[in-house]
Each structure stands twice: as structure tokens, then as C-alpha cells.
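What follows is a single structure, written as C-alpha cells, with notes after it.
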Amino acid sequence: PGPGHDTASFLLNGRYLVDAGWCAVLRMQSFGFDPLALECLFLTHCHHDHYLGLPALIFYRAMNAPSGPPLTIFGPVEDVEKVVRLSLDLLQTSRFPELNAEAAVDIRPLAPGDHFENDDFRIETAASVHPVPALCYRFTDLRTGSVVAFTGDTAPAPHLVDCVRGADL
């Protein structure tokens with residue numbers, strides 16, 4: 001990205017982040033958003049431009065709210081645990097136990113076709129067409145009924161039409 005720009009990061013309802021671009025924490029702050037308010041991160045896939053901001057996000061949250069609730073991280077079952085583990089290793093969390101960075105994350109691997117629902121939202125997934133395992137997310141806000149779909153990086157595929165059909169965005 002050029003100066004003042006970033007790679008993929010989308011904020012939903014001020015609490016949910018889709019992908020963590022290179023400078024996600026700084027970009028959120030530049031728009032007046034507090035990264036401590038995040039509840040969930042949804043990784044569409046684990047290419048660098050979609051997760052490189054993850055170590056900074058974990059570090060920021062651990063430094064500013066070491067006993068706060070964990071960030072729930074959803075992502076492709078094949079890669080999400082590895083990417084989060086590498087982010088924690090990069091931060092050398094074992095050398096700084098006072099940060100409690102290990103407890104700052106809750107990893108939720110998803111496979112295409114998996115669903116997740118809590119009191120606030122429902123997630124449905126489909127496989128995106130990409131060189132690495134990738135997910136399309138259909139996010140439904142259960143309070144408003146609004147639906148947002150994210151394909152991440154993908155080639156066209158007929159099954160994705162079904163996943164995103166009827167979405168508001």
C-alpha cells in the first residue's frame with residue numbers, strides 16, 4: 001500500500017474486524033476507533049496482507065488491557081492456529097508473561113460450510129477460490145437482520161453466489 005493506505009481490513013459494527021491489514025491498529029485509531037473494543041477477528045485467508053497486523057493487534061490489546069476479554073479469532077481450519085501461534089512467537093510471549101498475551105486470544109478454526117452463532121451474530125462460511133485455504137463469510141447481525149458478505153480474495157465461483165445471495169452488502 002502507498003503512504004496513508006493499508007491492506008485489507010474491514011470493521012463491522014465497531015466490534016468485528018474482517019482481516020488484519022499491515023497497520024490495522026494504527027488505521028483503526030486514525031478513524032477514532034479503539035482496538036480494545038474489538039470482540040472478533042475474521043481472517044478470510046492467511047496471506048500476509050490479510051494477517052500481518054495480527055501481532056500488533058495482539059500486542060496492543062495485551063499492553064492496554066492485559067486482563068480484558070480475549071479476541072476471538074476465526075479463520076480457515078488449515079492455517080488460523082498456526083498464524084496465531086507464529087504471531088505470539090514473534091511477540092516472544094514467554095519472555096513477557098505479565099502481558100498475558102496467550103490469554104488474549106481465543107482461536108476458532110472454521111472449515112467451509114461451518115456455522116457459528118452467538119447472541120449478536122451468525123456466521124456462515126463457504127470456500128473461496130484462492131491458492132491457499134480461504135473462506136467467504138456471510139455475517140448476519142441478529143439484532144438488525146442486516147447481512148454482509150466477505151469473499152476475501154477469490155476467483156469467481158458459482159457456489160459463492162449462493163453464499164452471498166440476498167446480502168445487504
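Here, residue 1 is the first one in the sequence, and each next residue gets the next number.
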Inset, instruction - Assess whether atom CZ of Arg95 is packed by more than 12 heavy atoms of other residues, nucleotides or ligands within 6.0 Å. - result: no
Inset, instruction - Calculate, to the nearest 0.5 Å, the distance between atoms OG1 and CG belonging to Thr93 and Leu90 respectively. - result: 10.0 Å
Legend entry - Asp19 (side chain) donor-acceptor with Gly152 (main chain) under 3.5 angstrom: no
Legend entry - Straight-line distance of Asp153 CG to Thr44 OG1, nearest 0.5 Å: 6.5 Å
Legend entry - Main-chain N/O of Leu43 paired with His45 side-chain donor or acceptor, under 3.5 Å: no
Legend entry - Path from Leu54 to Phe96 over hydrophobic side-chain contacts below 4.5 Å: yes
Legend entry - Side chain proximity check, Cys163 to Glu124, heavy atoms < 4.5 angstrom: no
Legend entry - Point-to-point distance, once rounded to the nearest 0.5 Å, from CZ of Phe31 to CG of Leu11: 10.5 Å
Legend entry - Heavy-atom closest pair, residues Val25 and Leu57: CG2-CA, 3.5 Å
Legend entry - Main-chain N/O of Val148 paired to Asp168 side chain as donor or acceptor, under 3.5 Å: no
Legend entry - Ser94 side, atom OG; Asp89 side, atom CG - distance, nearest 0.5 Å: 8.0 Å
Inset, instruction - Answer yes if Phe33 and Val18 sit in the same cluster of Ile, Leu, Val, Met, Phe, Trp and Tyr residues linked by side chain heavy atoms under 4.5 Å apart, and no otherwise. - result: no
Inset, instruction - For the residue pair Ser67 and Asn100, establish whether any side-chain heavy-atom pair is separated by less than 4.5 Å. - result: no
Inset, instruction - Would you mind reporting whether Pro109 and Glu81 have side-chain heavy atoms less than 4.5 Å apart? - result: yes
Legend entry - From Phe10 atom CZ to Tyr137 atom OH, the distance as rounded to the nearest 0.5 Å: 13.5 Å
Inset, instruction - Run the salt-bridge test on Asp162 and Arg165 with the 4.0 Å N-O cut-off and return the result as yes or no. - result: yes
Legend entry - Under 3.5 Å donor-acceptor, Asp114 side chain and Ala111 backbone: yes
Inset, instruction - May I ask you to decide if Trp22's main-chain N or O and Thr7's side chain share a donor-acceptor pair within less than 3.5 Å? - result: yes
Legend entry - Minimum heavy-atom distance between Ala101 and Ile58, given as atom pair plus value: CB-CG2, 4.3 Å
Inset, instruction - Evaluate the side-chain hydrogen bond (donor to acceptor under 3.5 Å, both in side chains) criterion for residues Ser146 and Asp141: first the C-alpha distance (whole Å), next the side-chain angles of each, then the deciding distance (0.1 Å), finally the verdict. - result: CA-CA 5 Å; Ser146 296; Asp141 183 320; 6.0 Å; no
Inset, instruction - Verify the cluster assignment for Leu12 and Leu169: are they in a single hydrophobic cluster under the rule of side-chain heavy atoms below 4.5 Å apart? - result: yes
Inset, instruction - Would you sort out whether Val164 and Cys136 count as a side chain to side chain contact (heavy atoms under 4.5 Å, CB included), showing the intermediate values? - result: CA-CA 9 Å; Val164 304; Cys136 170; 4.0 Å; yes
Legend entry - Whether Thr125 side chain and Gly113 backbone form a donor-acceptor pair below 3.5 Å: yes
Legend entry - Same apolar cluster: Leu52 and Leu71, side chain cutoff 4.5 Å: no
Inset, instruction - Could you label the plane-to-plane angle of the Tyr16 and Phe139 rings as parallel, tilted or perpendicular, counting under 30° as parallel and over 60° as perpendicular? - result: tilted
Legend entry - Phe59 with Leu41, same ILVMFWY side-chain cluster at under 4.5 Å: yes
Legend entry - Backbone of Leu142 reached by a side-chain donor or acceptor of Arg122 within 3.5 Å: no
Legend entry - From SG (Cys40) to CG (Asn118), nearest 0.5 Å: 6.5 Å
Legend entry - Val83 vs Ile73, side chain to side chain contact (heavy atoms under 4.5 Å, CB included): CA-CA, chis, key distance, verdict: CA-CA 11 Å; Val83 165; Ile73 303 173; over 6 Å; no
Legend entry - Sole residue of Asp6, Leu36, Asp34, Leu38 in side chain to side chain contact (heavy atoms under 4.5 Å, CB included) with Met28: Leu38
Legend entry - Check: Asn13 side chain, Arg15 main-chain N or O, donor-acceptor pair, under 3.5 Å: no
Legend entry - His159 side chain to Ala127 backbone, donor-acceptor under 3.5 Å: yes
Inset, instruction - Could you point out which residue of Phe74, Phe116, Phe150 forms a ring-ring contact (aromatic ring centres under 6.0 Å, His included) with Phe42? - result: Phe74
Inset, instruction - Under the side chain to side chain contact (heavy atoms under 4.5 Å, CB included) rule, what do Met63 and Leu99 come out as? Steps first, then yes or no, please. - result: CA-CA 6 Å; Met63 286 290 294; Leu99 293 180; 3.2 Å; yes
Inset, instruction - Examine distances only and state if a side-chain atom of Thr154 and a backbone atom of Val129 form a donor-acceptor pair shorter than 3.5 Å. - result: yes
Legend entry - salt_bridge(Arg85, Glu102) N-O dist < 4.0 Å: yes
